[in-house]
Amino acid sequence: MELKIPDFCLVVLIGASGSGKSTFAREHFAPTQVLSSDFFRGLVADDENDQSASAAAFEALYFVAGKRLDAGRTTVVDATNVQRGDRAQLVELARHHDVLPVAIVLDVPEEVCLARNAARPDRDFGAHVVRRQRTALRKSVKSLGREGFRRVHVLRGASEVDSARIVTERLRNDLRHEKGPFDVIGDVHGCRAELEDLLVALGYRLVRDEAGRPVDAVPPGGRRAAFVGDLVDRGPDTPGVLRLVMGMVEAGHAFAVCGNHEQKLVRALRGRDVQVKHGLAESLAQLAAEPAEFRERVERFCDDLVAHYVLDGGDLVIAHAGLPERYHGRASGRVRDFALYGDTTGETDEYGLPVRYPWATEYRGRATVLYGHTPTPEAEWVNNTMCLDTGVVFGGKLTALRYPEREVVSVPARETWYEPVRPLAAAEPEREADVLELTDVTGRRTIETAYRGRVTVRPEQAASALEVMSRFAVDPRRLLYLPPTMPPTATSRRPDVLEHPEDAFAEYRDAGVRQVICQEKHMGSRAVVHVTRDSGVVHTRTGRAFFDPPLGEQLLARVREAVSSAGLWQEFDTDWLLLDTELMPWNAKATGLIKEQYAAVGAAATGALTAAVDTLGAAAGRGVDVARLLARTASRLTNATRYRAAYQRYCWPTDGLEGVRIAPFQLLAARGRTFHDRDHLWHLEVLGRLAGELFSRTRYLVVDTTDEEQVAAGVRWWESLTADGGEGMVVKPLANLVRDGRRPVQPAVKVRGREYLRIIYGPDYTEPENLERLRGRALGAKRSLALREHALGLEALERLARGEPLWRVHECVFAVLALESEPVDPRL
């Protein structure tokens, strides 16, 4: 026996104690999906049978159920639920979260329930309890639909319970598997001739019946049409429009959502009491001239229309009056009402029409929302939404949007078919492209990324980032990208080092990444260079300007000259480039840190330890037994001397730009393009064409992680780099952007040398006891942070390339800065 349920719903199990609800839930649903009242009684009272704890238990159960439904997860409530009041709370919970409530009734004979309870020592209540529950259940079964349950399955007897099988179905509005391309068409309102004109302009081939009437339109190149509703009323040929659109839908050439005019037409055709106005009279008169079979077909078609569709993996939503993100893919009366009618302020304008709430001006969703309902003179983008009703029936235009191309195609009305009550109003103005608002970044933010799903920014993180940005950062409008943090490779178990390249190679090999590139790690400061033909900015990975304006402008001028000489403006057909680089020397930006922290520690340590060694040496010369103390102090002096030498290697004098070097290693974006789909060799080759004293090349080595000889060569190369005083190397998947279905793949890990880590962990970190303690360093938080920041950075670049409004780009950039406030060990 198949029990069909939506793949996202609230399932309410109903049955007397002993009817087998918990067993049924275990067999048909994942453990995490099932919320048992017994389990929650145990949580709050340490006793699953303590009925006095039921109120608190159900309060907790409803809270958890709400969180699951809010996250879009099917939830099963395992309780007796035989009382109407208990079920009413669950139906209300489903309505509140805009999901469908489904009832599954286990109507098992009383003697079976009693026998099962008798076999359980924890069920010590009498038979009268089961009898009372079954009486309440029998009285409830016929009313479950009226109570609000959208589907009701009744299993009568143990055999039906045992043979039942749950079959999940997509919600009718879930067309995420339909990828397009689509031609989304605005409100037609009975204007058949204009619809024909538009379909022909879009490249569709009209199909006509024997009477010459269009009954289908064959799309070009695998495209399909999608109608946003209001096919009927006001215009001259509602039957003709319906005949064509119904044929397209039946042939699989089109989708259509319901408009408020279709809903009203259905009620009128069924003889309901409706007000015959706003063009309904014209439709009824035109349909009256059609055969009864055609009217019945129209009634079935319009009644079957869904209120909204979610398509293209969730990236496209079509609804007649639009839809806020919180309603996408949901199913409830509230969602349907919004999709059909929108929302109003409760006021009326000077024409007596309701004032509609401008939901699109507040929209911040990832999905493109296309809609109609409120006619406008022109189809214009408002925060990734577009109203396609351009008033064809009022003498305007009939408009379609090609998706994903985002190309608007319109045909003019042949005449004014219906005089509007209110003149066509202009679309709600979109924010200026470069205007940022405080509300874009404050409070709790959830950002949808293409490469890691949703990334959440907590309010306190946003507040921290806002302080940094408002006090120290460059103009936020110039911040287009912030690079992610980079985690170290797994801590080595070798006795003399904390990090070793073999661990990096093994990590990528285990993740299925065969080829990696090892890049020399320049000891400087990460710098993002945004260079245009006449301006630009160079900033740190926390958004601060590297140099004061005069010096920064000189540096950009040299970068601009190098870009021009390399022909990159023409090659990428752009007037700007965004580069990821390392700027050296270290002291170009970190002078204060070096003087106040590293140099002070080094000077104090070498000064004090030199005097201590001299004093202990003199004591030893007089016969005092200080050999062990002298050896330990001498070792510490050696460590301190190496510490000073370590950081001094990365500092050299600069005068203006003299001595400053930039090592570019990734071309992030150009106008309309991103480049993370290109491998790292391509990036190094392109950026290696930037010539001049300002630029340093990045040395590299490609390693096959499955080839022992190449792995050994990679280790030797790292050893030579670090022996010469280099910081170490960065290991990355050669292909650049890599996804692993089993687990996230780090975009890069750093493998730092033994002497460089002395700067990070202190002069004496190489002492055996200190090394052993440091092996316990926790890398999980750093790795998670790196993956989230990387996804946000890629999302910012993609939005930038697509030409989305600056606030859409900036919310990703700001989120990277906000995540930097996470309490992660800065030495990692």
Engineer: Taking the side chain as every heavy atom from C-beta outward, state whether Q666 and H680 have any atom pair closer than 4.5 Å.
Structural biologist: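 Yes; the side chains approach each other to less than 4.5 Å.
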
Engineer: Applying side chain to side chain contact (heavy atoms under 4.5 Å, CB included), can you list everything that pairs with P501, at least two apart in sequence or on another chain?
Structural biologist: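 Counting only residues at least two positions away or on another chain, P501 forms a side chain to side chain contact (heavy atoms under 4.5 Å, CB included) with F505, V715, W718, M729, V751.
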
Engineer: Using modelled atom types and a 3.5 Å cut-off, is there a donor and acceptor pairing between side-chain atoms of S821 and backbone atoms of A818?
Structural biologist: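 Here the side-chain-to-backbone pair exists.
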
Engineer: Can you list the residues that meet the side-chain hydrogen bond (donor to acceptor under 3.5 Å, both in side chains) rule with T368, with sequence neighbours excluded?
Structural biologist: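 side-chain hydrogen bond (donor to acceptor under 3.5 Å, both in side chains) list for T368, sorted by chain: N384.
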
Engineer: Answer yes or no: does atom CD of E460 have more than 12 heavy-atom neighbours from other residues, nucleotides or ligands under 6.0 Å?
Structural biologist: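 Counting neighbours around CD of E460, more than 12 heavy atoms of other residues, nucleotides or ligands fall under 6.0 Å, so yes.
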
Engineer: Should the heavy atoms of other residues, nucleotides or ligands under 6.0 Å from CZ of R366 be counted, would the total exceed 12?
Structural biologist: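 Counting other residues, nucleotides and ligands, CZ of R366 exceeds 12 neighbours.
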
Engineer: Please name all residues satisfying side chain to side chain contact (heavy atoms under 4.5 Å, CB included) with E571, sequence neighbours left out, ordered by chain then number.
Structural biologist: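 So E571 forms a side chain to side chain contact (heavy atoms under 4.5 Å, CB included) with L568, R689.
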
Engineer: Counting only heavy atoms not in D825, do more than 12 fall under 6.0 Å of its CG?
Structural biologist: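 Atom CG in D825 is packed in, count exceeds 12.
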
Engineer: Restricting to side chain to side chain contact (heavy atoms under 4.5 Å, CB included), what partner residues turn up for E798, sequence neighbours left out?
Structural biologist: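 Partners of E798 by the side chain to side chain contact (heavy atoms under 4.5 Å, CB included) criterion, ordered by chain and then number, come out as Y451, T674, H676, R802.
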
Engineer: What residues form a salt bridge (charged side-chain N to carboxylate O under 4.0 Å, His left out) with R406, not counting sequence neighbours?
Structural biologist: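 R406: no salt bridge (charged side-chain N to carboxylate O under 4.0 Å, His left out) contacts found.
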
Engineer: Once salt bridge (charged side-chain N to carboxylate O under 4.0 Å, His left out) is applied, do any residues pair with E693, and if so which ones, sequence neighbours excluded?
Structural biologist: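 Salt bridge (charged side-chain N to carboxylate O under 4.0 Å, His left out) check on E693 returns nothing, list empty.
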
Engineer: Run the salt bridge (charged side-chain N to carboxylate O under 4.0 Å, His left out) test against E755 and tell me which residues pass, sequence neighbours left out.
Structural biologist: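 If we apply the salt bridge (charged side-chain N to carboxylate O under 4.0 Å, His left out) test to E755, skipping adjacent residues, the hits are R758.
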
Engineer: If we ignore hydrogens and angles and just use 3.5 Å, is the side chain of K397 paired with the main-chain N or O of S410 as donor and acceptor?
Structural biologist: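 Side chain of K397 to backbone of S410, a donor-acceptor pair under 3.5 Å: no, none is there.
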
Engineer: Go through the structure and list residues passing side-chain hydrogen bond (donor to acceptor under 3.5 Å, both in side chains) with R477, not counting sequence neighbours.
Structural biologist: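 side-chain hydrogen bond (donor to acceptor under 3.5 Å, both in side chains) check on R477 returns D475.
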
Engineer: Picking from K782, R788, H790, what satisfies side chain to side chain donor-acceptor pair (under 3.5 Å) with T485?
Structural biologist: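 It is K782; the other options fail the test.
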
Engineer: Treating E822 as the side-chain partner and L819 as the backbone partner, does any N or O pair qualify as donor plus acceptor under 3.5 Å?
Structural biologist: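 Between the backbone of L819 and the side chain of E822 there is no qualifying donor-acceptor contact (under 3.5 Å).
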
Engineer: Has the side chain of D679 got a donor or acceptor atom that lies under 3.5 Å from a matching backbone atom of L734?
Structural biologist: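 No, D679 side chain to L734 backbone: no donor-acceptor pair under 3.5 Å.
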
Engineer: Give a yes or no on this: more than 12 heavy atoms of other residues, nucleotides or ligands lie within 6.0 Å of atom CZ of R699.
Structural biologist: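 At most 12 heavy atoms, drawn from other residues, nucleotides or ligands, come within 6.0 Å of this atom.
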
Engineer: Ignoring hydrogens and angles, tell me if any N or O in the side chain of R799 forms a donor-acceptor pair with the backbone of R808 under 3.5 Å.
Structural biologist: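 Yes, because the side chain of R799 sits within donor-acceptor range (under 3.5 Å) of the backbone of R808.
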
Engineer: Can you tell whether the side chains of D707 and R514 come within less than 4.0 Å, N to carboxylate O?
Structural biologist: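 Answer for the salt bridge query: no.
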
Engineer: Would you find more than 12 non-hydrogen atoms of other residues, nucleotides or ligands less than 6.0 Å from R444 atom CZ?
Structural biologist: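 Not more than 12 within 6.0 Å, no.
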
Engineer: Drop me the distance from T489's OG1 to R783's CZ, to the nearest 0.5 angstrom.
Structural biologist: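 Here the rounded value is 6.5 Å.
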
Engineer: Measure from the side-chain N and O atoms of R544 to the backbone N and O of A473, and report whether any donor-acceptor pair falls under 3.5 Å.
Structural biologist: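 Absent.
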
Engineer: Return the set of residues passing ring-ring contact (aromatic ring centres under 6.0 Å, His included) with W576 (not counting sequence neighbours), or none when no residue passes.
Structural biologist: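 In terms of ring-ring contact (aromatic ring centres under 6.0 Å, His included), with neighbours along the sequence ignored, W576 is linked to H530.
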
Engineer: Between T706 and D704, does any side-chain donor sit less than 3.5 Å from a side-chain acceptor?
Structural biologist: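 Short answer, yes.
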
Engineer: May I ask you to decide whether E820 forms a salt bridge with R541, counting only side-chain N to carboxylate O separations under 4.0 Å?
Structural biologist: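 Counted as a salt bridge, because a side-chain N and a carboxylate O are separated by less than 4.0 Å.
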
Engineer: With sequence neighbours excluded, tell me which residues meet side chain to side chain contact (heavy atoms under 4.5 Å, CB included) with S564.
Structural biologist: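 Residues passing side chain to side chain contact (heavy atoms under 4.5 Å, CB included) with S564: W569.
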
Engineer: Where do P664 and S696 come nearest, in terms of heavy atoms and distance?
Structural biologist: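 The answer is CD-O, 3.8 Å.
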
Engineer: Evaluate the side-chain proximity of P181 to P404: yes if any heavy-atom separation is below 4.5 Å, no if none is.
Structural biologist: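 They are in contact (side-chain heavy atoms under 4.5 Å apart), so the answer is yes.
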
Engineer: Return the set of residues passing salt bridge (charged side-chain N to carboxylate O under 4.0 Å, His left out) with R673 (not counting sequence neighbours), or none when no residue passes.
Structural biologist: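 Salt bridge (charged side-chain N to carboxylate O under 4.0 Å, His left out) check on R673 returns nothing, list empty.
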
Engineer: Any salt bridge linking E811 with R364? Criterion: basic side-chain nitrogen under 4.0 Å from a carboxylate oxygen.
Structural biologist: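 No, this pair does not count.
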
Engineer: Nearest 0.5 Å, please: how far is CD1 in I517 from OG1 in T698?
Structural biologist: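 Separation between the atoms: 9.5 Å.
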
Engineer: For R661, give me all partners under side-chain hydrogen bond (donor to acceptor under 3.5 Å, both in side chains), at least two apart in sequence or on another chain.
Structural biologist: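 Counting only residues at least two positions away or on another chain, R661 forms no side-chain hydrogen bond (donor to acceptor under 3.5 Å, both in side chains).
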
Engineer: L794 versus L737: any side-chain heavy-atom pair under 4.5 Å?
Structural biologist: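 Yes - at least one pair of side-chain heavy atoms lies under 4.5 Å apart.
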
Engineer: On a heavy-atom basis, which atom in E795 and which in A450 lie closest, and how many Å separate them?
Structural biologist: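 What the structure gives for the nearest pair is OE1-N, 2.9 Å.
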
Engineer: Under 6.0 Å from the CD atom of E658, do we count more than 12 heavy atoms belonging to anything else shown?
Structural biologist: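 Atom CD in E658 is not crowded, with 12 or fewer foreign heavy atoms closer than 6.0 Å.
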
Engineer: Could you check whether atom OH of Y363 has more than 12 heavy atoms from other residues, nucleotides or ligands sitting under 6.0 Å from it?
Structural biologist: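 Yes.
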
Engineer: Output, in order, the C-alpha distance, side-chain angles, deciding distance and verdict of salt bridge (charged side-chain N to carboxylate O under 4.0 Å, His left out) for R533 and D575.
Structural biologist: CA-CA 6 Å; R533 287 183 180 271; D575 56 2; 6.0 Å; no

Engineer: For E407 and R402, indicate whether the former's side chain and the latter's backbone hold a donor-acceptor pair under 3.5 Å.
Structural biologist: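 No: the side chain of E407 does not pair with the backbone of R402.
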
